[in-house]
Amino acid sequence: MSDPKTGPIPAVPSGRPPAAGPDQAAGLLAGRVVLVTGAANGLGAAYARGIAAAGAHVVAVDVDAEGLQRLSGQLAAADGQGSIRVADAADWAGAHDLVRDCVAEHGRLDGLVNNAGVFAMARAGTESEATVRRMLEVNVLGAVAWGDAAVAAMRTQGHGVLVNVTSGEQMGRAETAVYGATKAAIATLTYAWAAELADVGIRVNAISPNAQTRMAEVLEQFRGAPSGQNAGIAPEANVPLLLYLLSDLSVELTGQVLRSYGPELMLTTHPALAEPVLRHTAWTPERIAEAVTARLLPHLAPLGMRRARIEYLD
């Protein structure tokens, strides 16, 4: 299939994981092995608990050993299948070693949730090099490392699902420029990996979650006032979307970013060239200024995220 404006659309992958059991509520991911990075707290812990409740063996990875022990107890109390591994998400060799160990132990790796991330805020002109480097290392280098390791394993077995974790901050928001840039990079990885891996049975999508987590605390501390960031939205509210992306229910979906915001579900569009496309045999600065003012000005993109129309389904 092809779109005349954008070119080929990746074909639906042919590889298939084992079918889910008859009880879709409890067995949606039965028999599968899913690795989750950044799984000790907040969204990552909710993802791990939800994956285990759906019947999969979850391999929870985090640098926070105490948080992982807490999660392990929660999984055991709920009779969930899981194991924990202490690792720094930014450790390239560690990521590849742990994925190989996972496949050696369980014989497969059906899914990766690339969740590990560091969030920090700063005003332009006041960035800390150490903080910026850590965000880039965990959010971007880490995502590439775990994704690269998972893809190598999934190519061999002929199927797999990657779910990257982006953020609405990728659209551009004051005082979160670097964090937003790292999440925009994750979206680009999602699009590019999906296009490359569609023919080998590996699907790649992303979730853009919203929940009241430590990120809200950072916002409040930075701005000195309650932020209202995702107030009242529990991390668990994002689990159904994650399970959908990991399961056969989304078998025809790849290269997409889906955003969850409490009761709202929406699609994040890919970067695109806006119409009209103007053509001139010899552009000069003056002609460009005239063209922008006369033809392109009405089509300028808004700063930040534009609010979409809401459709009520209940």
Side-chain angles (χ1 to χ4, degrees), residues 6 9-10 36-38 42-48 50-51 111-119 121 135 139-140 143 147 161-195 203-216 218-219 227-247 249-272 301-314:
T6 61
I9 297 173
V36 182
T37 66
L43 282 161
Y47 294 156
I51 290 167
L112 167 70
V113 182
N114 235 336
N115 172 72
V118 173
F119 174 74
M121 300 180 67
M135 275 195 286
N139 299 7
V140 181
V161 180
L162 269 63
V163 179
N164 294 323
V165 179
T166 64
S167 168
E169 304 296 317
Q170 76 183 59
M171 306 293 185
R173 184 172 177 176
E175 300 165 336
T176 62
V178 176
Y179 176 78
T182 67
K183 291 303 179 178
I186 297 305
T188 299
L189 285 173
T190 301
Y191 306 144
W193 280 344
R203 297 191 294 114
V204 188
N205 292 293
I207 180 174
S208 178
N210 284 274
Q212 191 169 4
T213 62
R214 291 178 180 177
M215 182 174 175
V218 174
L219 282 164
S227 67
Q229 176 79 13
N230 303 329
I233 303 178
E236 286 75 15
N238 299 272
V239 171
L241 176 54
L242 178 73
L243 296 182
Y244 162 75
L245 291 173
L246 286 170
S247 75
L249 294 173
S250 61
V251 73
E252 295 185 358
L253 198 73
T254 194
Q256 305 302 317
V257 177
L258 273 70
R259 180 170 170 81
S260 171
Y261 191 83
E264 298 176 3
L265 175 67
M266 61 207 86
L267 187 67
T268 298
T269 58
H270 296 203
L303 290 174
M305 190 184 305
R306 179 167 49 195
R307 186 63 179 169
R309 177 175 56 86
I310 299 175
E311 292 184 9
Y312 293 90
L313 301 182
D314 53 14

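Without hydrogens or angle criteria, Thr254 side chain to Val204 main chain gives a donor-acceptor distance under 3.5 Å. In terms of modelled atom types and a separation under 3.5 Å, the side chain of Asn114 and the main chain of Val165 share no donor-acceptor contact. Panel note: side chain Thr37, backbone Ala116; a donor-acceptor pair is recorded below 3.5 Å. For the pair Arg203 (side chain) and Leu162 (backbone), a donor-acceptor distance under 3.5 Å is absent. Side-chain N or O atoms of Ser250 include one that pairs as donor or acceptor with a backbone N or O of Tyr244 at under 3.5 Å. Put simply, the side chain of Asn205 never gets that close to the backbone of Val163: no donor and acceptor are under 3.5 Å apart. Within the 3.5 Å criterion, the main-chain N or O of Gly255 finds a donor-acceptor partner in the side chain of His270.
The two residues Ala237 and Ser260 have their closest heavy-atom pair at O-OG, 4.1 Å. In plain terms, the two heavy atoms of Leu189 and Ala143 that are nearest each other are CD1-CB, 4.5 Å. Heavy atoms only, all atoms of each residue included: Pro271 and Tyr191 are closest at CD-CE1, 3.5 Å. Among all heavy-atom pairs drawn from Pro209 and Leu43, the shortest one is CG-CD1, 3.8 Å.
Residues Thr268 and Thr166 form no side-chain contact, since every pair of their non-hydrogen atoms from C-beta on lies 4.5 Å or further apart. Side-chain contact between Leu265 and Leu241: present, with at least one pair of heavy atoms (C-beta onward) separated by less than 4.5 Å. At least one side-chain heavy atom of Leu245 sits less than 4.5 Å from a side-chain heavy atom of Leu253. Two residues are said to be in side-chain contact when any heavy atoms from C-beta on lie closer than 4.5 Å; Val118 and Tyr179 fail this criterion.
Arg259 and Ser208 are linked by a side-chain donor-acceptor pair at a separation below 3.5 angstrom, with hydrogens and angles left out of the test. For the 3.5 Å distance criterion, the side chains of Thr190 and Asn164 qualify, holding a donor opposite an acceptor.
Rounding to the nearest 0.5 angstrom, the gap separating the CG atom in Asn210 from the OG atom in Ser167 is 7.5 Å.
Of the residues listed (Val113, Leu243, Leu246), the one engaging Tyr47 in a side-chain contact (heavy atoms from CB on, under 4.5 Å) is Val113, and it is the only one.
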Problem set entry | Derivation of the side-chain contact (heavy atoms from CB on, under 4.5 Å) call for Ile207 and Leu258 | CA-CA 5 Å; Ile207 180 174; Leu258 273 70; 6.0 Å; no
